[in-house]
Amino acid sequence: MERIDHIGIAVRDLEQSLKFYRDQLGLNETGREEVEEQKVRVAFLPVGDSKIELLESTDPKGPVAKYIDAKGEGIQHIALRVDNLQQKLNELKEKGVSLIDEEPRAGAGGANIAFVHPRSTGGVLLELCER
Ligand code: ZN
């Protein structure tokens, strides 16, 4: 584990949220991207070696829309940077950890990602991220 790669925040309206994070708080927006597979539009705002990732759903049935329906806007996941994602997934599986993804898949920013189920993490959706 190298660092917290990013914190994913589910928002209803990316532009509206950027008025706080970018314009009022003063973070720089360094990229924006649509991740078709996860039905999200994402904006990245680096903070030191980590980033805030704002996530707006592009589909009312997508995971971020469902999250907001259930819990409202807020921190949706925390992502830890790992240097060998598949190996880490294999280790966790051997230890009996509940994985949402047993194989890496494509995430935002060109990363390979996989999610660990909140039932194994104390209620946090944990993303492992390899760049
Ligand atoms: Zn993420």
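Index from 1, following the sequence. Numbering of ligands and ligand atoms starts at 1, following listing order.
No hydrogens or angles considered: a donor-acceptor pair under 3.5 Å links the side chains of Gln87 and Asn84. Residues Gln86 and Asn90 have side chains that bring a donor and an acceptor to within less than 3.5 angstrom of each other.
Salt-bridge check for Arg32 with Glu15: passed, with a basic side-chain N closer than 4.0 Å to an acidic carboxylate O.
Nearest N/O/S atom of Glu53 relative to the Zn ion (ligand 1): this is OE1. Considering just the N/O/S atoms of Glu127, the one nearest the Zn ion (ligand 1) carries the name OE1.
Between the side chain of Tyr67 and the main chain of Gly62, no donor-acceptor pair closer than 3.5 Å is present.
Metal site remark for the Zn ion (ligand 1): Cys129 contributes no N, O or S atom at a distance under 2.8 Å.
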